[in-house]
> 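Let me begin by handing over the structure; questions about it come next.
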Amino acid sequence: ASRDGSFGWTKYNTLAEIYAWLDEILAAYPVITESFVLGQSFEGRTIRGIKISYKSNNPGVFIESNIHAREWITSATATWLINEFLTSTDELVRNLAESHDWYIVPVLNVDGFVYTHEKDRMWRKTRQPSDISTCIGVDPNRNYDSHWMENGGASSNPCAEDYGGPNPFSEPEIQAMADFVSGIKDKINVLLAFHSYSQLLLSPYGHTSEEFPPNFDDLMDVAQAFGDAVESLPYGTVYRYGSSAGILYAASGATIDWAYNEQGVDIAYTIEFRDTGRYGFILPPVHILPNAEEALIGIAALLDKCEELGY
Ligand code: PAY
Ligand code: ZN
């Protein structure tokens, strides 16, 4: 389901291309899919999502993608997953797709994403101006109302890449995400936030490395299942895992901490996709398919482990 030359996984697509493709997919699978709108961005763009549901009462999985503008591999992977869930004839994929309800937002930071395509490929933040500075944008992954700005896990300087914003939920994109997720929180027990790069699975907490979540052992088992599955593919890709603040750095007000602490989502992960730094954010498109395959087999194993552990 793609128009020639306009959408595919051998290149990175623009927001307009992603949304046009989403419309085709929604039209082609009207019974199984449902369009949803998170809300409007600061610049007035619609933040769209797709729900995929083959039967009622499936456990829900929420996928947040491209909250950081320059992390293009995330929306490329998210759209490929949507396509696989709807079109694959592989038994593993069919089981995975049909045994969960999927809520997938391929591009959360729509303004930033468009900006990376048109002006500055390395832009990370939102595009809302500041009242106290000429610097633009807030780090949306520091803007959630959960331990906001604590422990040095975000900056109060509007020029910093990890600026937490003037207050929690100052960014309309993040407020919209919070409103939507809190409305369906009883239907989801797994939230995955797609990022790049570093090949890491990061569990809560981001706001402190001194404490660990109550089900940390389970979270680590689930991460190991993802990592082992990725290593079963012939690409040689290795993922490390641990708590976000424990193995990376303090990040307060991030999606996963908010989902875990404030919404009761028991399995919340930031997944840092390829690579480990050779290309970083500017990952060549030839990596899209192998990265997406790794994500698929990894997520399948992660969700199997969740089920085994009773989630
Ligand atoms: O979600 O646990 C989290 C926070 C960790 C990420 C963040 O800073 O928001 C890690 C970085 C990211 O994907 O944005 C890593 C990349 C390589 C970066 O920009 O430093
Ligand atoms: Zn990121």
Side-chain angles (χ1 to χ4, degrees), residues 62-78 105-110 112-113 115-116 120-126 137-155 157 160-165 171 173-174 177-178 181 190-209 211-213 216 219-220 223 226 239-263 265 267-283 287 291 295:
F62 194 100
I63 294 180
E64 176 209 82
S65 168
N66 242 157
I67 187 174
H68 285 141
R70 63 192 173 191
E71 298 169 10
W72 287 6
I73 186 63
T74 63
S75 49
T77 299
V105 176
V107 184
L108 176 55
N109 181 5
V110 286
F113 187 67
Y115 195 75
T116 59
D120 176 1
R121 177 66 185 84
M122 285 296 280
W123 193 258
R124 164 178 168 101
K125 299 191 282 183
T126 60
V138 165
D139 183 343
N141 204 33
R142 300 291 185 281
N143 194 237
Y144 286 88
D145 194 2
S146 185
H147 299 273
W148 183 74
M149 291 289 263
E150 283 179 21
N151 296 334
S155 175
N157 173 3
E161 288 283 46
D162 63 344
Y163 174 44
E171 304 313 284
E173 300 83 1
I174 300 311
M177 170 77 181
V181 171
V190 177
L191 181 142
L192 304 174
F194 285 1
H195 287 253
S196 70
Y197 58 92
S198 292
Q199 293 169 201
L200 297 172
L201 266 91
L202 304 172
S203 85
Y205 300 124
H207 76 273
T208 176
S209 56
E211 289 165 51
F212 294 90
F216 189 63
L219 283 163
M220 292 302 103
F226 180 104
Y239 274 76
R240 293 187 298 120
Y241 56 88
S243 85
S244 184
I247 66 165
L248 196 60
Y249 43 67
S252 36
T255 308
I256 58 165
D257 272 9
W258 174 81
Y260 186 90
N261 291 324
E262 320 301 333
Q263 303 300 308
V265 176
I267 305 289
Y269 260 102
T270 292
I271 307 183
E272 298 284 345
F273 288 137
R274 288 187 183 201
D275 57 8
T276 54
R278 178 166 180 201
Y279 297 106
F281 304 111
I282 321 294
L283 192 68
H287 285 269
N291 185 81

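Keep in mind that this is a model prediction, so the values were computed, not measured. Values below: all heavy atoms of this structure, side chains included; hydrogens, waters and symmetry mates excluded. Whatever order the structure lists them in is the order used to number ligands and atoms, beginning at 1.
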> Measure from atom 16 (C) of ligand 1 to every heavy atom in Pro204, Gly153, Ser198, Ser196 and give the option owning the shortest one.
Ser196

> So, for Trp148 and Arg142, which heavy atoms are closest and what is the spacing to 0.1 Å?
CD1-O, 3.2 Å

> Between Phe226 and Tyr241, does a ring pair (Phe, Tyr, Trp, His ring centres under 6.0 Å) hold up when you go through it step by step?
CA-CA 10 Å; Phe226 180 104; Tyr241 56 88; 9.6 Å; no

> Can you label the angle between the Tyr260 ring and the Tyr205 ring as parallel, tilted or perpendicular, going by 30° and 60°?
perpendicular

> Under 4.0 Å from a heavy atom of Ala251: which atoms of ligand 1 are those, numbered in the order shown and with their elements?
4 (C)

> On a heavy-atom basis, which atom in Ala160 and which in Lys125 lie closest, and how many Å separate them?
O-NZ, 2.8 Å

> Going by the order shown, which atoms of ligand 1 are within less than 4.0 Å of some heavy atom of Glu71?
12 (C), 13 (O), 14 (O)

> Rounded to the nearest 0.5 Å, what's the gap from CG on Asn66 to OG1 on Thr74? Could you check?
3.5 Å

> For Tyr197, counting its heavy atoms only, list the atoms of ligand 1 lying under 4.0 Å from any of them.
17 (C)

> Quick check on the Zn ion (ligand 2): does Glu71 put an N/O/S atom closer than 2.8 Å to it?
yes

> Do Asp257 and Ser146 pair up side chain to side chain, a donor and an acceptor below 3.5 Å, judged on atom types alone?
no

> Please identify which atoms of ligand 1 are closer than 4.0 Å to at least one heavy atom of Arg70.
19 (O)

> Given ND1 of His195 on one side and ND1 of His68 on the other, what angle do they make at the Zn ion (ligand 2), to 10°?
100°

> Quick one: look up the protein heavy atom nearest atom 10 (C) of ligand 1 and list residue, atom name and how far away it is.
Glu272 OE2, 3.0 Å

> If you have a sec, work out which protein heavy atom is nearest atom 14 (O) of ligand 1 and how many Å separate them, to one decimal?
Arg124 NH1, 2.7 Å

> Closest approach of Ile271 and Tyr239, non-hydrogen atoms and distance?
CG2-CE2, 4.0 Å

> Just to confirm my output: which protein heavy-atom neighbour is closest to atom 11 (C) of ligand 1, and how far is it?
Tyr249 OH, 3.3 Å

> Considering non-hydrogen atoms only, spot the tightest contact between Ile256 and Pro204 and give its length.
CD1-N, 3.7 Å

> Which protein heavy atom lies closest to atom 5 (C) of ligand 1, and at what distance to 0.1 Å?
Leu248 CD2, 3.8 Å

> Quick test: of every protein heavy atom, which one is nearest to atom 2 (O) of ligand 1, and how far off is it to 0.1 Å?
Ser244 OG, 2.6 Å

> Any idea which atoms of ligand 1 are less than 4.0 Å away from a heavy-atom of His195?
12 (C), 13 (O), 14 (O)

> Can you give me the closest heavy-atom contact between Pro140 and Asn109, atom names plus distance?
CG-ND2, 4.2 Å

